Every structure is written in C-alpha cells, then in structure tokens.
Amino acid sequence: MAQISLTLPDGNARSYDAGITAGEVAADISKSLGKKAISATVGGAHYDLAWPIEADAEIAIHTMQDEEQANELVRHDLAHIMARAVQEIWPDTKVTIGPVIKDGWYYDFDRAEPFTPEDLGLIEKKMKEIINKRDPVRTEVWDRARAVKFYEDNGEPYKVELIDAIPGDEPLRMYWHGEWQDLCRGPHLQHTGQVPGDAFKLMSIAGAYWRGDSDRAMLQRIYGVAFTGKEKLRAHLNMLEEAAKRDHRKLGREMDLFHMQEEAPGQIFWHPNGWNVYTTLQDYMRRKQRADGYKEVNTPQVVDRKLWEASGHWDKYQEHMFIVEVEEEHAKEKAINALKPMNCPCHVQIFNQGLKSYRDLPLRLAEFGSCSRYEPSGALHGIMRVRGFTQDDGHIFCTEDQIEAECAKFINYLAGVYDDLGFTNFEIKFATRPEQRVGSDESWDHVEGALEAAIKATGRDFTLEPGDGAFYGPKLDFYLTDAIGRVWQCGTFQVDPNLPERLGATYIGEDGAKHRPYMLHRACLGSFERFIGILIEEHAGKLPFWLAPRQVVVASITSDADDYVVEVVETLKAAGVRAEADMRNEKINYKVREHSVGKVPVILAVGGREVEEKTVSVRRLGDKQTSVQPLADVANALGLEATPPDLR
RNA sequence: GCUGCUGUAGCUCAGAGGUAGAGCACUCCCUUGGUAAGGGAGAGGUCGAGAGUUCGAUUCUCUCCAGCAGCACCA
C-alpha cells in the first residue's frame, strides 16, 4: 500500500496509507477531535470526512467552531433534509437542485400543488424529526449509466437531465441522508443529528425557472436560513427586521418624499420634500460635472422611430419602449415615435452638428436625461427600478488613445461623488468581451487593456466578469447595496465604437481626413431615482444635513415664545438653512416625536429661558441629549453644514 | 413576463353572504405643557375595477389592474 504524507496546520507531517479518510486522520490525531470533526480542507478543497485521500496534501480538520465550513455543511445538509421532508410529506414531488446561498439555502421542487405558508411549518416540523433521528449520511461514487438508470426508475427526470448536463465522463457522487438519496457534489456531515435543530428557519416560497431559463418549467423554490447556533439565527432575523425599517418605500412615506399610484406604474410622484432632495442632488451633480469638464445639453423626449432604427434599438428593444403614435389629418402616414429610452443617439446628433476637429476631443456632453422604458411588470421595485427615470448621463467622444485617461478621470470623479454622498464602499465589475461581438480582437485587446490600466491606476479592487461586456465594447459597472443586501448597479462606464459608426459620427484628424470617434457612455449616479432610493436606505432616512429636505424645525415650548420662534427661523433661513416653525398648541414631547419620525435632523426647542438668553436648545436626530447654545453660533454652524460639500 | 401571496379610511390593520370597525393621522374644543404620543368631541370608506352565482356580494367564482417576494429581464 502506497504511503502518503499529510501536513497539519501546525507544520507537522504524518504518514498514512493512501486512501485514508479525513475522518480517520482526525480520530488518529485525537479521540476528541475524531468526535468533533465535521469536515476537512485537503489541498485547498473542502473534503467530506468519508472521502479517501490519495496523495500528499496539507490537511486541516474542521469542527463546528470553523464558521465558514460549518455554515456550508449545515446549510447544505439542511437542503437535503428539507428535500427529504418534502418528499416524505408529498411523495409525488420531484426534486431538482438545492444549493447553499448567503445565510442559507434553497431547494427547487416540481409539484402540481403550490406550497402554502402553512406548509412551511409542516416541513420544518418534519425536518426537526429527521434531525432528531440522527440518520447516518452515506456517500458512494457511481458510474453514470447506473445513476441515470436509478433516477429513471425513481421517476426523477430533473436529476437525469442534470447528469446529462455534467460535462465529461467522470463518475458521479451520490449521497444518502438515511434512506433518502440525492445526487450531490458534497461534502456533508456524518449524520443528520449534527445539524443544529434550532438554528434554521424556512423563510419563503417563490417561483423559479428550471435551470434559470424563462422558456422552461416554473418550479417552486423554498428558501431557508441557517446558522451554527440559535443566537446567530436570532441575530439574523433581528437584522432583517431592522433592515425592513430602512426600506425606502416605507421611509419615503414617513418622510413624505414621494408616492406612486396605479395609474402610473413605475413612475414617481415627487412630493415637496422628495423633490427637494432630488433638486439638491441635481444641483450638486451639475456643479460637479461642470467642474469635471462636461458641457450640459438637453434633448427631446419624443423621437421618431427612424432614429431608433438607425441606432439599432428599434430592432432589439422595441417591446421595452413606450411607443407614441401621432395621426395627423393631412399626413400621408402616421408618425410613429418612441419616448426616448436612452440619451446616447440624441447626443450623437449634437456631436454631428457641424464639423468636429480632433482639437475638440475629448468632447464631454452631459445631460440629466429623462428616459422611459417599458420595464416588465415584475421588475418594478419602489423607486429603484422604474419606468420613468432620469440618468445623470454623459457621453465622451474621444480617440482610442484618450480612453484610458478618460476612464481614470471618471473613476476618480465617481469616487469623489460617492464619498460626498456617504458611500465609501462600492464594487467595481469589469465586464470583458462576450462571445457575440463586433470589432477586431486587436481593438478589444487595446480597449480592455486601457480600462484595466485605468482601474489599476486608481488602486481600487475590481472583479472580472469575463464575457459580460456589451457586444460593442467592454464596460465597468459600479454597484451599491440596499438595506437587505440586494446589490444595485448605479454607475457605469462603457466603451462604444459601434454607435458612432451606425450614426455616422466623424471628426477631422490632424491628417485632414475624417475619422471615427469612440463614444464612452458613462453615468455616475445611474439614475436619480435609484440613487435616492439607495441613499435613503444607506442612511436609514437620516440623510446628510445638506441633502435633508427639512433641516431644522424650531418648536415652541409655550406660546409666549412664538415671536422668538419666528426670529430664529428667519435667522436660520438667512444663514442658508431650510428651517420651519412649529408653533402648534402641542406639548414639546409630541413635537419632538413627530419630527423625529419625520427624520428632521435638528430640532430647536425654545421656551421662556431661550427667549431670555437668545439661545436655542439643540436636539440632533438620534441623540437623547440636548444642549443650549447661543442662536448666532447655531445659525453659523448649521449654515456651514447646510452647504453642499463641494462648496465648503 | 412567470410562480405564489396581497388589495377594507391618509397610514397600520381587524371583520363578516344581510350594505363596516380600531389605533394613529386630520378638524374643532379644553390644556401653556421643557425634549419620542395630554384630554375630549367630530369628520372621514362605491371594502382595487368589471362580470358572474345569489332574494341579497365588500365577503363566493372568474377576468383584469396594481402591489409584495422570488425567478427571468435590465440598451
């Protein structure tokens, strides 16, 4: 029997017969480790304790204390236990796949009857029974033909299809939790009783397409969350509750920012408070982009289909466009227009007016461009995914050699804006050439190289998304996260040689000949709507003072202070602060509560003492403490705070 | 768009085959109260829209619309 050498984390090497399992190694190290072991990392791979080890490797034995591995195993075993429970309760259910995801797992089932919320309780109960049985987990490696036969005989067509989709011809790993069987890569725990029975919860039922393909069957997906202990589960559920309080739809109502109604799905009625945030942000962006070398433009909303045909959008996105037909009495044919779904073709029209010289490049055009897209009904989400929105759009016309510098310039611009708005963490994804594309490999090499060099020059991390670029060029996407961890694309930077080509954009080069410019599509916030949604959730409604729609409420404690309240409000307004008076016949407690719920950052209470001393009692949102300060000082300080960061 | 769920007062929700209720918000009165809800009275609803079953529908059935969760989509 061949010998292999296994190196432990402490550097010690041990010699074993090839084919020994990690479970046996753990038991050999110590009896207690043998009992506590749940899995191992062998040569960098996560190993089941029952798998044989055939070659020299570094090995680390894991116990429930190793959060990462323990969570993976617990969640993965729960996926199997849940599938078993479902099939025990409803034997006609077909199983498909059940992977581990962030905080838990899901499993997709095919069953004629829909699962109900009450069913979740039944399934949970059955799962706990299975856990209490401490059924052994067993694994074997089968050849394909045997596995296919097995699933055909058991009436599990999805499993047969999965096997067909696994490339190559290697044998397959089979797992049993008790008598219940599943095709699975593993690893798993050793028996069902190792799963903490009080640290998981089934969360929701939803539809999901088989293999993520909308042309195929709709399955029923059950989501669960699981942790290694019940305290961690509780903390997670708590976090979700807190996150729900930050939902921009809820805060939008509480702060009286906007509303939506069914006559205009996916479009926003901005209330005075919300529009104040919007315009304050827009004014800020206008100054920022002007300072960064952009020229602001504005283009039409309703544009003849001819332009969309020329740009290629009519062909590809017609069903996502709002079509406007105009029938004029004397017209030979009725005009068919579309509300613009994007601004780029219009910007090319501006570029195309008059001859452009290489001396004009890079030409940076910016527009707060209102766009309308007929998004699928199921995609709509508060103000984050809407049908009517305004991009902080911009297009840079430049030469190939200017791309890298423009990209670096844009990333710095974006980082500065995000920083001012309270986001220091954002994710950059670099999407490169897809299979279906236009342009030469040489040109792709050059452009991708330019983007990569530009990001690297900023020293920021990025993740590579190979094949995710647009058909015409690579792109960078910038992502922010909402209250419950959903990730939203905000900024973008895309290199496009295609649209200038289609719409005939040219410039006169140094050589006197016409050349084709590159077009860089870029947006920093993405859309004001989505960005404000994220801003609300990120700050839990406590917007930075300069952005807060209602900055200060001056509240009287007794009506004797009313005149002074007016004086304080006027003083603050003169200092550039959005201040309002609250002289209602209500107790100060009541006023403080109401304006706190409304997320007003500063409440100034004034009563007899303040009138006497020309002071105000300052209370900041979220603080329990108040402090009495001279009015002049407070007006000064708040005036500064009310100034947008780029003007301080 | 797909699967499932939901739709009752401005908001949060209760209710039942015999034409509707609470709390908060709103209006008025009393109260002048020192930092997250003082007291009283009043007003407010085509029970998402349409059709069907029924003596009678807001309640049951169907269709549509919108919202929520997830999937698919996101130029």
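Keep in mind that this is a model prediction, so the values were computed, not measured. A note on names: the letters A, B, ... follow the listed sequences, proteins ahead of strands, and every chain is numbered from 1.
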*Indicate, with a heavy-atom threshold strictly under 4.0 Å, whether A:Tyr590 touches base, sugar-phosphate, or nothing.*
sugar-phosphate
_For the aromatic rings, using the six-membered ring if either is Trp, is the centroid distance between A:His259 and A:Phe269 under 6.0 Å?_
yes
*Taking only residues two or more places apart in sequence, or in another chain, which ones meet A:Tyr294 in a ring pair (Phe, Tyr, Trp, His ring centres under 6.0 Å)?*
none
*Quickly work out the A:Asp108 CG to B:C2 P distance and round it to whole Å.*
19 Å
_By nearest heavy atom, map A:Glu375 and A:Leu380 onto RNA chain B; which one lands nearer the 5' end?_
A:Leu380
*Can you check whether A:Ser377 has a side-chain N or O nearer than 4.0 Å to OP1 or OP2 of B:G1?*
yes
*Under 4.0 Å between any heavy atoms, over every strand shown, what does A:Arg253 touch: base, sugar-phosphate, or nothing? Just pick one.*
sugar-phosphate
*Are the ring centres of A:Phe531 and A:Tyr418 closer than 6.0 Å?*
yes
*Hey, does the Lys NZ or Arg CZ of A:Arg522 hover above the aromatic six-ring of A:Phe410, less than 6.0 Å from the centre and inside 45° of the axis?*
no
*Intra- and interstrand pairs of RNA chain B - dot-bracket, Watson-Crick/G-U under 3.5 Å, | marks other strand*: (((((((..((((....[..)))).(((((.......))))).....(((((..]....))))))))))))....
*On a whole-Å scale, what distance lies between the C1' atoms belonging to B:U27 and B:A14?*
25 Å
*Is there a side-chain polar atom (N or O) of A:Arg584 under 4.0 Å from OP1 or OP2 of B:U32?*
no
*With A:Arg387 as the cation and A:Phe322 as the aromatic partner, state whether NZ or CZ is under 6.0 Å from the six-membered ring centre and within 45° of the axis.*
no
_Residue mapping more 5' on RNA chain B - nearest nucleotide basis, A:Ile603 or A:Glu263_ = A:Ile603
*Indicate, with a heavy-atom threshold strictly under 4.0 Å, whether A:Tyr223 touches base, sugar-phosphate, or nothing.*
sugar-phosphate
*asked:* Suppose you measure atom C1' in B:G45 against the same atom in B:A51; what distance do you get, rounded to whole Å?
replied: 23 Å
*Base, sugar-phosphate alone, or nothing: which one does A:Gly608 contact when heavy atoms must sit under 4.0 Å apart?*
base
*Under 4.0 Å between a side-chain N or O of A:Arg216 and OP1 or OP2 of B:C71?*
no
*asked:* Please classify the nucleic acid contact of A:Gln318 as base, sugar-phosphate, or nothing, using heavy-atom distances under 4.0 Å.
replied: nothing
_On the nucleotide B:A69, are OP1 or OP2 found under 4.0 Å from the side-chain N or O atoms that A:Arg486 carries?_
yes
*What nucleic acid atoms does A:Gly622 come within less than 4.0 Å of, heavy atoms only: base, sugar-phosphate, or nothing?*
nothing
*Touch class at under 4.0 angstrom, heavy-atom based, for A:Ser214 against every strand present*: sugar-phosphate
*Is the gap between the ring centers of A:His236 and A:Phe227 under 6.0 Å?*
yes
*Nearest-angstrom distance, P atom, B:G15 to B:A9*: 15 Å
_Applying the 5.5 Å / 30° rule, does A:Tyr317 stack onto the base of B:A75?_
yes
*Name the nucleic acid region contacted by A:Arg249, choosing base, sugar-phosphate or nothing; use a 4.0 angstrom heavy-atom cut-off, strictly under.*
sugar-phosphate
_If you compare every side-chain N and O of A:His381 against the phosphate oxygens of B:A69 (OP1, OP2), does one of them come in below 4.0 Å?_
yes
*Does NZ or CZ of A:Lys429 fall inside the cone over A:Tyr479's six-membered ring, less than 6.0 Å from its centre and within 45° of the axis?*
yes
*asked:* Quick check with a 6.0 Å cut-off and a 45 degree axis cone: is A:Arg530 positioned over the face of A:Phe528's six-membered ring?
replied: no
*Counting just side-chain N and O atoms, does A:Arg619 come under 4.0 Å of either OP1 or OP2 of B:A36?*
yes
_Classify A:Pro376 by what it touches in the nucleic acid, base, sugar-phosphate, or nothing, heavy-atom distance under 4.0 Å._
base
